[in-house]
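Order of the sequence lines fixes the chain letters, A, B, ..., with proteins taken first and strands second; residue numbering starts at 1 for each chain.
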There are 2 protein chains.
Amino acid sequence: MGSYHFLLDMALILFSTKLFGIVTKRFALPQVVGALLAGLLLGPACLGVLVETDFMDQVSEIGVIVLMFTAGLETDVQELRKSGRSALIIALCGVAVPLAGGFLLGTAFGVGSPLESAFLGVILTATSVSITVETLREMGKLSTRSGSAVLSAALIDDILGIVALTLVTSMADPTVRLSLVLLRIGGFFAAALVLGVLLHKGVKWLTQAEDRGRRRYAVFSFGLCFLFAYGAETFFGVADITGAYLAGVIIANTSQAAHIASRCETLSFLFFSPVFFAGIGVKLVLPEMSGALLLFALVLTLVAMSTKLLGCGLGARLCGYSGRESLQVGVGMVCRGEVALIVATKGLALGLMQEALTGPVILCVMACAICTPVFLKLSYGGEKTYSDLVQSDLVDQYEAIHSLDIAAQLMLEDHQRLLQEGREKQTGPNRAGRSRSSG
Amino acid sequence: MGSYHFLLDMALILFSTKLFGIVTKRFALPQVVGALLAGLLLGPACLGVLVETDFMDQVSEIGVIVLMFTAGLETDVQELRKSGRSALIIALCGVAVPLAGGFLLGTAFGVGSPLESAFLGVILTATSVSITVETLREMGKLSTRSGSAVLSAALIDDILGIVALTLVTSMADPTVRLSLVLLRIGGFFAAALVLGVLLHKGVKWLTQAEDRGRRRYAVFSFGLCFLFAYGAETFFGVADITGAYLAGVIIANTSQAAHIASRCETLSFLFFSPVFFAGIGVKLVLPEMSGALLLFALVLTLVAMSTKLLGCGLGARLCGYSGRESLQVGVGMVCRGEVALIVATKGLALGLMQEALTGPVILCVMACAICTPVFLKLSYGGEKTYSDLVQSDLVDQYEAIHSLDIAAQLMLEDHQRLLQEGREKQTGPNRAGRSRSSG
């Protein structure tokens, strides 16, 4: 009966990640932190009821691909084009400084080859602005000049992070020369573009042929995501998550993007993400967290925070933001999240990161998530609300989505109530007298 | 780079099942038939590009569990109670006759032990009315006495099928006595009920604690599904799919059932179902489909059709339906679908069905799906529309869901159009003059 054990694993993962997620959400922390804690608790580090299996590894791998595909789906190329020069400069500085900081840290602590040190820098590049957005909205500061700059810069930051990841992981094979690596990456992007356009037209034709093609559009898009992930690795030596992200970007600019994104998000939160995040926690074996590693985790966290703060703050200052605003932009970009963990997992698989560093990376992500809301409140503290609001499509969009969410929920509740009332009426005394109007 | 091959497998499965699904839908056949054909074509039977892997097996297993969980979620106990005596009699006869027919067929052809013959009967019990409902709605016959009887009887048919499956699979272990088997099944249902009520209260408490708990409700429910599936197998020797179905039934009677069902359905159609159905096709090796097996497939199909027709028709006649109406009820219940395939897969895993019988079962399901719409049109042919419409909550509900589907889609399209217009307006000339109303 041992073959059914993976069902228990799935049940444990779903229950524990969600329970811890609720607890962390109470403390205004992202649910990712809860999921990581759940994995730590259930894994060999504490209780030991959950161990790594091949199945969990493969589900995790699909989880990563789904997460990156969804990230790509949320990339609005139109918005990107409008985000402007200052967002680009903030993002560029905000990627370059952590990249350099990670490399220097890796070299100083001797984590391995120069490539492994560079990879540590790549882990530190990707910002996660979800906590910042949530905190700023609560504070009513999302429409400030600094809030709007964070949103725009974060868009570009994602793409720069992917470029850095693609470059470094493509060099993982030491027998391959840099020129060939660049050629491969170029070839991959060109092939992806051509294939994307062709498939896009094909799928469009299929969808137009029938009225209700929403479902098949989602299935085809998801298939495309797997195809790109596989093709990237197999034919171009580029990371599979780069392929998935690119597939997402291509589909993001179709009319069905919102629908597909919502479907993939369901797939992600209901199954793949919990397994992925708990899986990271499970990878951590506590005895390895010796004093030296704890020290490294502390330094890594400090480097992660200070380099992002410095890079983005400097970028903002260069673009004419005031000193206080620059500080706010820097603090807003400090937080790391899913992408840092995804990159780290990829590094483990490619041999670009030692397994022992998993713990420090997890601790660093957690620390950033815990500190960001506190830092943000401090940096905006005492400022008058609505002091210098700016007009930003991006901010409008975020707020529109937030209101739509609430509206949709109210409508659904209303609908359920109506159905319930209708049912009660049908079983009531005057049922026989009801006349049928439809055939 | 071999480890990335499963990504290609997933891409191939998603593309091919959906493409074939579109083709079969053109011919008014269920998409399941298309997915099976896709698996046959890609598998060792034809092209051989797809082979069975452990990963695919485990994803398929989860797919089966998700399908049965969703089936349970759609069980409305209130409707069941209202469906009445005649629906019960039709369903009982419609399960008993195919069960006996399958058993006799298995014995005549010598498929194995008496239990294996009985299992063949279990495969033939589960009706799939989706094709019937679709065809009758198109013909405007869903509100007839016979149409309404099919809908009600199909609800009970599902549950009787589960009971038969649970009984036969629980006896798979020859060392266990029947009395112990019955005790175990009773124990399982009792434990499931108690655990279900407790968990239900716990989840309710958690959900009330926060406003926006829809997501976590879905995750917890899905976790419950896995827990029941695991518990059924491990502690009670009851099939995991029985556990998943029961978890679905328990959750079906909560306020969040509709939401959870829609989420699980997404999970199913976007990933797990395609893998499961294609996986069945992949299992089929063509050289094994010798003349004897083809003959068996033909006889199996004839037995499947005639026993359902006879059983349900007889039941309807006993309840006072006219000869013609009884024929219509019988034809309406002929079709088999997902559940027959799920049961067959379970039988393979438990050693209750020989692998060679996979082909005949697939052919039988396909033949029933192809013939049902034709038979239905013949049996209703020449009859005046709206001749004897009846009042049925179930029919009303089906039609309400159909209209809601359309309404929801129209609303979404409208919403996308508005968003698009709003975006164009923002980038238009009078953008600067727009005033902000929200902070």
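Annotation: maximal heavy-atom pairing with chain B below 4.5 Å, among A/Leu227, A/Leu267, A/Leu8, A/Ile62, occurs at A/Leu8. Chain B forms more heavy-atom pairs under 4.5 Å with one residue of A/Asp9, A/Val59, A/Leu224 than with any other, namely A/Leu224.
With a 4.5 angstrom heavy-atom cutoff, A/Phe272 touches chain B only via side-chain atoms.
By the 30° and 60° cut-offs, the orientation of the rings of A/Phe6 relative to A/Phe55 is perpendicular. Using bins of under 30°, 30° to 60° and over 60° for the plane-to-plane angle, the ring pair A/Phe222/A/Phe69 lands in the tilted bin.
Judged as a side chain to side chain contact (heavy atoms under 4.5 Å, CB included), and not counting sequence neighbours, A/Asp54 has no contacts. For B/Phe236, the side chain to side chain contact (heavy atoms under 4.5 Å, CB included) test picks out B/Phe188, B/Ala191, B/Val238, with sequence neighbours left out.
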